[in-house]
Number of protein chains: 2
Amino acid sequence: MDHQHRGIEEILRTALDASGQRFTEQRAAVFRFLRGTSSHPTADEVFLHVRSDVPGISLATVYKSLETLVGCGLASKLTYGDGSARYDGRTDDHHHVRCLGCGHVLDLVDHVDAGEVDRLQSSAQGFRVTGYRLELTGFCPTCDPEVAAAPA
Amino acid sequence: MDHQHRGIEEILRTALDASGQRFTEQRAAVFRFLRGTSSHPTADEVFLHVRSDVPGISLATVYKSLETLVGCGLASKLTYGDGSARYDGRTDDHHHVRCLGCGHVLDLVDHVDAGEVDRLQSSAQGFRVTGYRLELTGFCPTCDPEVAAAPA
DNA sequence: ATCCTTGCAAAGCATTTGCAGTCAC
DNA sequence: GTGACTGCAAATGCTTTGCAAGGAT
């Protein structure tokens, strides 16, 4: 675990160095939390959890740290229609399912076939496509109205 | 054109009726504008354009109308990280490319292969998947930094 | 006549910003 | 020591809401 932490810290230091930014305990705590969860937390949720590591941290600093991580490529920002953004500490190519009831987000293990993406971008006239995002929507077992209506 | 307008108005009346809501000139103007553009406007852009049809309309009413249309299934709301939502008057299954420079959104003509979606949702343990959303991101010719850097 | 909608202004909420003190380098 | 980072509070920007007047059925 201590070993793990050193590894993670090193990743962060390297990425910050590369973009001329400094290592701070606040950024480390945010990064550690993001790496250790698959709950795709909002900035506020990150703030709440990180307070136990860094008692005096402010919400503004959490926002700034998250933005820094996104800028370094160590996290990504997910935007849905429900008001607040969510952050994801996974940097590999993957996608999500989101529950329309409770808003929870789950990772998918597969990704879209590359040929499929190529085919789709052929209609993006003149664009240089650099990425894509796929999101499935639906209902988790707890929130499914059909299950609730007819609990067979 | 007048014929077109009557057709569109009829669609709106029917959808509103079905959900127990009233037909108003404001809702009609918003709907007409959304149907007639493929620019995926923000609420504010809708407001600006619709003012020429309905001079006294307020931004709040535009927001309410857009939400009404979405509720009736006559439009959909696109949410990106850049602050404000965009609205789309197309109701058929389709996807988008978004320019990371200027934020413009273009429609794609193809959609993802159904089998591909089936395959992906197999890892969404317990979820009942009801829909999906795909968005390509990249740069339009005007905003492409590579083109700007090296205009070969 | 009923009660849904509008328009206005004020409120709400997530996020950003200005700035003085503090800390990493 | 220098310049970047933090924390606080105030500001911003999009969106929503409360309410009285107006309009659709």
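In what follows, chains are A, B, ... by sequence order, proteins preceding strands, each numbered from 1.
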With 3.5 Å as the limit, what N/O pairs link the protein to nucleotides 20-24 of chain C?
from, atom 1, to, atom 2, distance (Å)
C/dA24, O3', A/Phe23, O, 3.3
C/dA24, N3, A/Arg22, NH1, 3.3

Would B/Thr137 and B/Val97 count as a side chain to side chain contact (heavy atoms under 4.5 Å, CB included) if you check the C-alpha gap in whole Å, the side-chain angles of each, and the deciding distance to 0.1 Å? CA-CA 5 Å; B/Thr137 48; B/Val97 220; over 6 Å; no
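- With sequence neighbours left out, the side chain to side chain donor-acceptor pair (under 3.5 Å) criterion links A/Ser39 to A/Thr37.
- For the pair A/Gln21 and D/dG3, the criterion of a side-chain N or O lying under 4.0 Å from OP1 or OP2 is not met.
- Regarding A/Glu67, its CD atom lies at a distance of 10 Å from the P atom of C/dT17, rounded to whole Å.
- Residue B/Thr61 places at least one side-chain N or O under 4.0 Å from the OP1 or OP2 atom of C/dG7.
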Between the protein and nucleotides 18-21 of chain D, which nitrogen or oxygen pairs are less than 3.5 angstrom apart?
none

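- Rounded to whole Å, atom C1' of D/dG13 lies 20 Å from atom OH of B/Tyr80.
- Recorded end-axis angle for the helix from C/dA1-D/dT25 to C/dC25-D/dG1 stands at 40°, based on five pairs per end and rounded to 10 degrees.
- In this view, B/Thr61 and B/Ser58 satisfy the side chain to side chain donor-acceptor pair (under 3.5 Å) rule, not counting sequence neighbours.
- Judged as a side chain to side chain donor-acceptor pair (under 3.5 Å), and not counting sequence neighbours, the contacts of B/His94 are B/Asp88, B/His96, B/Asp107.
- Computed from coordinates, the B/Leu66 CG to D/dT15 P distance equals 10 Å when rounded to whole Å.
- B/Arg86 forms no cation-pi arrangement with B/Tyr80, by the criterion of a distance under 6.0 Å to the ring centre and an angle within 45° of the ring axis.
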May I have the step-by-step check of ring pair (Phe, Tyr, Trp, His ring centres under 6.0 Å) for B/Tyr132 and B/His95, ending in yes or no? CA-CA 10 Å; B/Tyr132 67 99; B/His95 303 289; 5.2 Å; yes
Distances for protein N/O vs nucleotides 10-15 of chain C N/O pairs under 3.5 angstrom?
from, atom 1, to, atom 2, distance (Å)
C/dT15, OP1, A/Ala85, N, 2.8
C/dT15, OP2, A/Tyr63, OH, 2.3
C/dT15, O5', A/Tyr63, OH, 3.3

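- Taking atom CZ on B/Phe47 and atom P on D/dG13, their separation rounds to 17 Å, with Å as the unit.
- Every residue two or more places apart in sequence or in another chain that forms a side-chain contact (heavy atoms from CB on, under 4.5 Å) with B/Glu67 is listed here: B/Val70, B/Lys77, B/Tyr87.
- Whole-Å rounding puts the A/Gln26 CD to D/dC8 C1' distance at 14 Å.
- With sequence neighbours left out, B/Asp118 forms a side chain to side chain donor-acceptor pair (under 3.5 Å) with no residue at all.
- Residue pairs satisfying the salt bridge (charged side-chain N to carboxylate O under 4.0 Å, His left out) criterion with at least one member in residues 12-26 of chain A, sequence neighbours excluded, are listed as follows: A/Glu9-A/Arg13, A/Glu25-A/Arg32.
- At a threshold of 4.0 angstrom between heavy atoms, the contacts of B/Gly56 are confined to the sugar-phosphate backbone, with no base atom among them.
- Residues passing the side-chain contact (heavy atoms from CB on, under 4.5 Å) test with B/Thr24, sequence neighbours excluded: B/Gln26, B/Arg27.
- Summarising the geometry of A/Arg98 relative to B/Phe127, their closest heavy-atom pair is C-CE2, 3.9 Å, with the distance given to 0.1 Å.
- With sequence neighbours excluded, the residues that form a salt bridge (charged side-chain N to carboxylate O under 4.0 Å, His left out) with B/Glu116 are B/Arg119.
- In this structure, A/Val30 and A/Val54 have side chains that are not in contact, with every pair of non-hydrogen atoms separated by 4.5 Å or more.
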